[in-house]
K.L.:
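Shown below is the structure under consideration.
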Amino acid sequence: MDKEKIVLIDGHSIMSRAFYGVPELTNSEGLHTNAVYGFLNIMFKILEEEQADHVAVAFDRKEPTFRHKMFEPYKGTRKPMPEELHEQVDLMKEVLGAMEVPILTLAGYEADDILGTVAKESQAKGVEVVVVSGDRDLLQLADEHIKIRIPKTSRGGTEIKDYYPEDVKNEYHVTPTEFIDMKALMGDSSDNIPGVPSIGEKTAAAIIEAYGSIENAYAHIEEIKPPRAKKSLEENYSLAQLSKELATININCGIEFSYDDAKADNLYTPAAYQYMKRLEFKSLLSRFSDTPVESPSAEAHFQMVTDFGEAEAIFAACKAGAKIGLELVTLDHELTAMALCTGEEATYCFVPQGFMRAEYLVEKARDLCRSCERVSVLKLKPLLPFLKAESDSPLFDASVAGYLLNPLKDTYDYDDLARDYLGMTVPSRADLLGKQTIKKALESDEKKAFTCICYMGYIAFMSADRLTEELKKAEMYSLFTDIEMPLIYSLFHMEQVGIKAERERLKEYGDRLKVQIVALEQKIYEETGETFNINSPKQLGEVLFDHMKLPNGKKTKSGYSTAADVLDKLAPDYPVVQMILDYRQLTKLNSTYAEGLAVYIGPDERIHGTFNQTITATGRISSTEPNLQNIPVRMELGREIRKIFVPEDGCVFIDADYSQIELRVLAHMSGDERLIGAYRHADDIHAITASEVFHTPLDEVTPLQRRNAKAVNFGIVYGISSFGLSEGLSISRKEATEYINKYFETYPGVKEFLDRLVADAKETGYAVSMFGRRRPVPELKSTNFMQRSFGERVAMNSPIQGTAADIMKIAMIRVDRALKAKGLKSRIVLQVHDELLIETQKDEVEAVKALLVDEMKHAADLSVSLEVEANVGDSWFDAK
DNA sequence: GCGATCACG
DNA sequence: ACGTACGTGATCGCT
């Protein structure tokens, strides 16, 4: 190791960032934990990136500081803290204490002063320093060996901006020391000093760049331009000086600091592990992998069954009408183990051996599904090949129930259910087995594997009553029993059937693409004059905007943006840009589709993808391995891929699409008379919207008017905002606002409806679909404008998208059942949100088409009709 | 493992 | 002033 490194963290500032950046989070004790969670994530991330040897956290104290003596009304630079944040500060200190991270505070000084003092002292000792804060005032500390890191919370996570002196210079055109002068000149709005000059950032930077300090600028007051800035500085000079003094960090505050106490090599103490568990920071727990896990009391009643006779007795004791929990652990179409829970104190683990064969156990599981009143399992769909049950069986899927109760979670594993619905902290599968399969673990670590298997059955059993109760309380029980549970079977059928894909034809398609890719690649190298990886946005950005100096290399984050919308603007003037866009399209089609799909074509010439029911926030299903819901259609070349999706010999495809289902749902849910009237028999919804909004006869609507109306319709469904619409139409925000106002004038019922959705969601905390599906919207409580606005759009969009999803689910279930009930051989092969694709024997095409359209049209009774377009074809391409 | 990009509704 | 359209998943480059 070459040089010692220390990370110094501004405690309150990072906690605030985390508090406003991380969605609301509470553990089962009801403790707010989002700020602590966010803080720890930032801290761990930085410690890992920096590979630091030392770490310490500085906090402000309650007592007045030297700044109060300088200036009576000084209240510090922070706004009063919300209670939910305040209560997390002590918790944070406890957690840091448990990790043995020193907490630095000093009476009379703020955290900034402590950070400054320790940072400068460390640098003097030859230590490399990293200061982490959300407060830009800290930039004044940036130095040759002092890096300032400022996390920015953005949706999806945090990104961190780093500042050495040259970075400060690059962004603000001033040195770190001058930075305070610049801020003082601007009159930082977060300061509590009234009347400090209001000079903009650009002007302030220019003045300080020229004069170096406010004092020197004042000395040359007559030269200061523009006049407004001159006047402002004249009038407020003393206040600006004071502001500068207050913002200047004291780098000699006399804090005592011990490097030995601040070692960063062992944060993962048992005490800290206990905190992670109590606070339910699951993702952080994995960092503590060596820490032992204690066994909760439930495990006392877990039993291993190895004997056939014993098993017989247990199954016999499981009376008709019982409620049980069941889990089948399977691998490669074979049963590895089975768990059965018949009561709180009776959980059994069966591992096939001797006379107790796998087939026997599966047979018993099937019997139980016929005799019991309720069989609850963690995840039903993967068990159906074994259980061979249909939707009339008493099965209960705990993960689907958990999903309905909170669709925002990533996982619905047994430990999640135990925590959320039983208030139990139990070891997760990863805690017990790591990444091993259960089969492997049964050989290497039988006790833990047994415990894991038993928990699956136990929690499936124990959570079912609570989940049922919660579903009823939330008025989602019929959504669960009438839609989500039956849907599991329909999705299973669809996966089993799969879709036929022509391997050879796909390969030919890929080969055609590859020829074009190679040719285009060469042309791009010629045009740009260099050989580089066109697929690397980083390299591409450098070539286009640095080397070739193409204009407006704007939109930066980690370099230049080379996204399609940026390149589109350059394409007319620079042929190479168009080539790059074409290259992108070709490589996308090749890697994701031509080569990507080929992997999934099975020995039966079919692709059996997975349709996930517990992923989306709104109630849609999602598709993975492969994703069959994003097969190209918009571009002609991409659309060709659909030719490889074909029906079985002797069959054809019927493709049926809902026409504008979301807008029809909007018309119905809002009850807006005019919109309902417009959609009653309209076949071109966007044109009719244009006609009404722009007061133009329908047959005189121009293509532009229609395009605008279409964008507004999209905007309404997405949760309207003038900014978003202006982006979508590349018009000014003012124009966008006018369109929106016109729309709302035309359809006042829609405005009322959307306002009500937001108000209701603010009150209850969740958005609700027509069928009672809920989506929590914690962002609505955020004090952060951006987050709150997002919450408002979500509150408007979720009920609409969710209702459309509900309707499609109902249609799917009914179509699936009707096909079976009528003895037809047709099967659903795909669902793409508003589209169903059916593989049909040629002799039943007309009957099936009629059935399909009828079930889709009448899946819900709305005040506008649901229109369905259906086409027949010999491939997916042709049936569209 | 994450961001950028792009495919779909 | 702040800075985005809603919902997904796969692939690639990069660290």
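Only a predicted model underlies this, so the values are computations on that prediction, with no experimental measurement involved.
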K.L.:
Which residues satisfy the salt bridge (Lys or Arg N to Asp or Glu O under 4.0 Å) test with A:K507, sequence neighbours excluded?
P.N.:
A:D511
K.L.:
Residues two or more places apart in sequence or in another chain: which of them pass ring pair (Phe, Tyr, Trp, His ring centres under 6.0 Å) with A:Y37?
P.N.:
A:F281
K.L.:
Indicate, yes or no, whether a donor-acceptor pair under 3.5 Å links the base of B:dG9 to the side chain of A:R634.
P.N.:
yes
K.L.:
When you look at A:H547 and A:E530, which way does the side-chain hydrogen bond (donor to acceptor under 3.5 Å, both in side chains) test go after all the steps?
P.N.:
CA-CA 10 Å; A:H547 303 183; A:E530 51 191 312; 2.7 Å; yes
K.L.:
Name all residues meeting the side-chain hydrogen bond (donor to acceptor under 3.5 Å, both in side chains) criterion together with A:K781; count only those two or more places apart in sequence or in a different chain, and write none if there are none.
P.N.:
none
K.L.:
For A:R642, what residues pass the salt bridge (Lys or Arg N to Asp or Glu O under 4.0 Å) criterion, not counting sequence neighbours?
P.N.:
none
K.L.:
DNA chain C in dot-bracket, Watson-Crick or G-U pairs under 3.5 Å, [ ] crossing, | other strand?
P.N.:
.....|||||||||.
K.L.:
Taking N and O atoms by type only, does the side chain of A:R793 place a donor or acceptor under 3.5 Å from a partner on the base of C:dT4?
P.N.:
yes
K.L.:
What integer distance in Å separates A:F790:CZ from C:dG7:C1'?
P.N.:
10 Å
K.L.:
Who passes side-chain hydrogen bond (donor to acceptor under 3.5 Å, both in side chains) against A:T203, sequence neighbours left out?
P.N.:
none
K.L.:
So, using salt bridge (Lys or Arg N to Asp or Glu O under 4.0 Å) as the criterion, who are the partners of A:E662 when residues are at least two apart?
P.N.:
A:R620
K.L.:
Can you name the salt bridge (Lys or Arg N to Asp or Glu O under 4.0 Å) partners of A:R706, sequence neighbours left out?
P.N.:
A:D684
K.L.:
Check DNA chain C against residues 590-601 of chain A and give the residues with a non-hydrogen atom under 4.0 Å, in numerical order.
P.N.:
A:S591, A:T592, A:G596
